[in-house]
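Have a look at the structure below, then the notes.
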Number of protein chains: 2
Amino acid sequence: MVTINDVARRAGVSVSTVSYTLSGKRTISASTRARVEKAIAELGYHPHAGARALASARTNILALMAPLRPDVDVSVIMQFVTGVVTRARTADYDVLLLTQDEDNGVGRVGSGSLVDALILMDVESDDPRIPQVAALRQPTVLIGLPEDARGVSCVDFDFEAAARLSLRHLTRLGHRDVALIGPPPAVIARHTSYADRLLRGYRAQATHDGVACVIEPTGTSRAEAIAALDAVLDQVPGLTGLVVHNEAALPVILGGLRRRGLKVPEDVSVVALAPADVADAQPVPITAMDIPALNIGQVAVDMVLARLAGSDTVETRLIAPTLHERASTAPPR
Amino acid sequence: MVTINDVARRAGVSVSTVSYTLSGKRTISASTRARVEKAIAELGYHPHAGARALASARTNILALMAPLRPDVDVSVIMQFVTGVVTRARTADYDVLLLTQDEDNGVGRVGSGSLVDALILMDVESDDPRIPQVAALRQPTVLIGLPEDARGVSCVDFDFEAAARLSLRHLTRLGHRDVALIGPPPAVIARHTSYADRLLRGYRAQATHDGVACVIEPTGTSRAEAIAALDAVLDQVPGLTGLVVHNEAALPVILGGLRRRGLKVPEDVSVVALAPADVADAQPVPITAMDIPALNIGQVAVDMVLARLAGSDTVETRLIAPTLHERASTAPPR
DNA sequence: CCGGATTGTCGAAGCGGTTCAACACCCTAG
DNA sequence: CTAGGGTGTTGAACCGCTTCGACAATCCGG
């Protein structure tokens, strides 16, 4: 293993000079810097991450706790993770990937000084992890808006507004017989923050627009999606408008509508809450509130890095939704 | 920060005793162990990861380099990542998530002693990362079979056999006018290992079964998928059988077939290479070679952990495919 | 031409663990 | 009763890096 000592010897300077050359925390003459850099290149020196972490109390690692379970929209997760990892790298940070279902992952990586900061996805309205991160000395960003954030920063897509705008798009087109096919029952039961806000927004808009508020959750499996569609058609016999927030169920629902002889958008208009590429990659391109998952991931990293850089402003950011019209919505005939 | 010193003082023993209690590398009397564990619990002690890494030359972190780009099948990636992370945690390892497109990520985390081992996804036939990992002291497992693995272990789904069996399934049903809609052109151009093997298998089986070998790559966007379907129908006018290996294109292709008045499976039989849940979540449940991505991830971790535990057997493992019949295949009429 | 800044470099003290060699103690066999 | 062999515990060296205080050399204005 080549250490900072080897570099120092080769460059004919002291270890501290090498360290300062690397960190730039003291001025180094151009000639010395050149000699050190040459030695580093020749030896292929990479500082030992553990030693650095020990001495500097910084690991340059971010923890990202993601819901690696099947009942979430994989595309959204993936894009979010991608946003986090790529942005983190631009600031010379690495990302440690954790699952939710570990007992006390937060405490382990936090108290163990394994990471400098945390990003928690899939936050619930009353998430048990919030007191855990609040007790940590590392800053944290939550994806989602818990009831009580306890001074922890939050960021998320504005699902409430997205639900409202989705329904409004349908009612403005003239649809009165509408329904929402939503996230899995388990997600709702957990009071996952985004699901709570989604339902709240949908309900508010339904009341506002004077249409019946029919909400049917559904899982990711084909059978569940079909059942949800059945239930919805049962409750709203002359259904002409559908809002769907369930990436996995989307194709099945479209197939189900077709099998009943219902054409999209001629007979039924469909609005989805999904990333743009998912909406576009359906049998019929779907009008959707595009979820900018990549962007949210980047913002989360920016927020957490700002805290690491010394800022102590705790903020909550909501990313405004935009409707993207594709081929799945039309006025009722 | 509570350190091992605090624990030692509180338990009335030396630091080395605490350390040995934690690691179990020396015998400790039951009473001492109890006192130490009590102190640890009371203080909420978590060993400092950096200090531990420095002293023991072990970080208990695995690097996972995943293709976080849009032209890959997100479900497969997600499931694989999930398999890796969950299995790693059972062995008290954490996972550092890296992207391919970083310049020298392998060298950075390897030489920098950030990780104990690496897992590389999306390996190309002549992957530039292979010499890099071969130069590292950390063991590595490749997902995919490069031409020259240079003594690095490999594991993957047997895409060659999967392609053969997919086509064979169609020809056995009596289909003669068949085609393959494959991975994105860029993936093929890169000579991604799985794409190479997929095409090889398909070609071999086409020759063996005496059918024309029509292969059309396609990207993940709707336009590309439609174009690919057009091209295929152009080349094979009386098409009755289709093999698809492109998760994102699948729904679009099904939509395109329908728009042309072609029913699945009455007019066209479709076999996919995809994870079971993806195949099931289509408008029509698709007969598929189920890609056991979760399992492959677990196996990759097992292999790398075996190397860390001292085994020096370099092996290549291929996971055999199994066909799962759903509702998308039937004899031609 | 001198005193005080400024600039560039260095030595050494940690950071918080692991692990080795040493040692005290107790048990048992001869 | 003693030699010999565990068993349980300890002190101290060490892992590779960062950073503080010290210091020599150079520069500048008065």
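Just so you know, these numbers come straight off a predicted model, no measurement behind them.
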Is there a side-chain hydrogen bond (donor to acceptor under 3.5 Å, both in side chains) between A/N5 and A/T3? Walk through the geometry before answering. CA-CA 5 Å; A/N5 254 295; A/T3 74; 4.5 Å; no
Under 4.0 Å, counting only non-hydrogen atoms across every strand here, what does A/V13 touch: a base, just sugar-phosphate, or nothing? sugar-phosphate
Measure from the side-chain heavy atoms of B/S56 and tell me the nearest of D/dG16, D/dT9, C/dT18. C/dT18
Check this one for me: any side-chain N or O of B/K25 less than 4.0 Å away from OP1 or OP2 of C/dT19? yes
For B/S14 and D/dT10, is the shortest distance between a side-chain N/O and OP1 or OP2 below 4.0 Å? yes
Over how many whole Å does the gap from B/I40 atom CD1 to C/dG17 atom P extend? 10 Å
Grab the NE2-P distance between A/H46 and D/dC17 for me, whole Å please. 12 Å
Is there a donor on the side chain of A/S16 or the base of C/dG11 sitting less than 3.5 Å from an acceptor on the other? yes
Gap between atoms CG and P, on A/L22 and D/dT19 respectively (whole Å): 12 Å
To the nearest Å, give me how far apart CZ (A/R9) and P (D/dG16) are. 12 Å
Please check if any side-chain donor atom of B/D73 sits under 3.5 Å from a side-chain acceptor atom of B/S75, or the reverse. no
Between P of D/dT18 and CG of A/N5, the distance in whole Å: 12 Å
Which sits closer to the 5' end of DNA chain D, A/M1 or A/T17, going by the nucleotide each is nearest to? A/M1
Give a yes or no on whether the backbone of B/L68 and the side-chain of B/T99 come within a donor-acceptor separation of less than 3.5 Å. no
Looking at every strand, decide which applies to B/S19 at a 4.0 Å heavy-atom threshold: base, sugar-phosphate, or nothing. base
When you look at A/S19 and A/S16, which way does the side-chain hydrogen bond (donor to acceptor under 3.5 Å, both in side chains) test go after all the steps? CA-CA 5 Å; A/S19 179; A/S16 41; over 6 Å; no
How many Å lie between CZ on B/R52 and P on D/dC14, as a whole number? 22 Å
From NE2 of A/H48 across to P of D/dG16 the rounded distance in Å is 7 Å
Under 3.5 Å, is there any donor-acceptor pair linking the side chain of A/Y20 to the base of D/dC20? yes
Taking atom types as modelled, find out whether A/S193 and A/R197 have a side-chain donor-acceptor pair closer than 3.5 angstrom. yes
Under 4.0 Å: is that the gap between some side-chain N or O of A/Y45 and OP1 or OP2 of D/dC17? yes
N/O (side chain, B/S29) to phosphate O (OP1/OP2, D/dT9) under 4.0 Å: yes
According to a strict under-4.0 Å criterion, is A/T27 in side-chain N/O contact with OP1 or OP2 of C/dG8? yes
Tell me: CG of B/L114 to C1' of D/dC17, nearest whole Å? 14 Å
Residue mapping more 5' on DNA chain C - nearest nucleotide basis, B/G50 or B/R26: B/G50
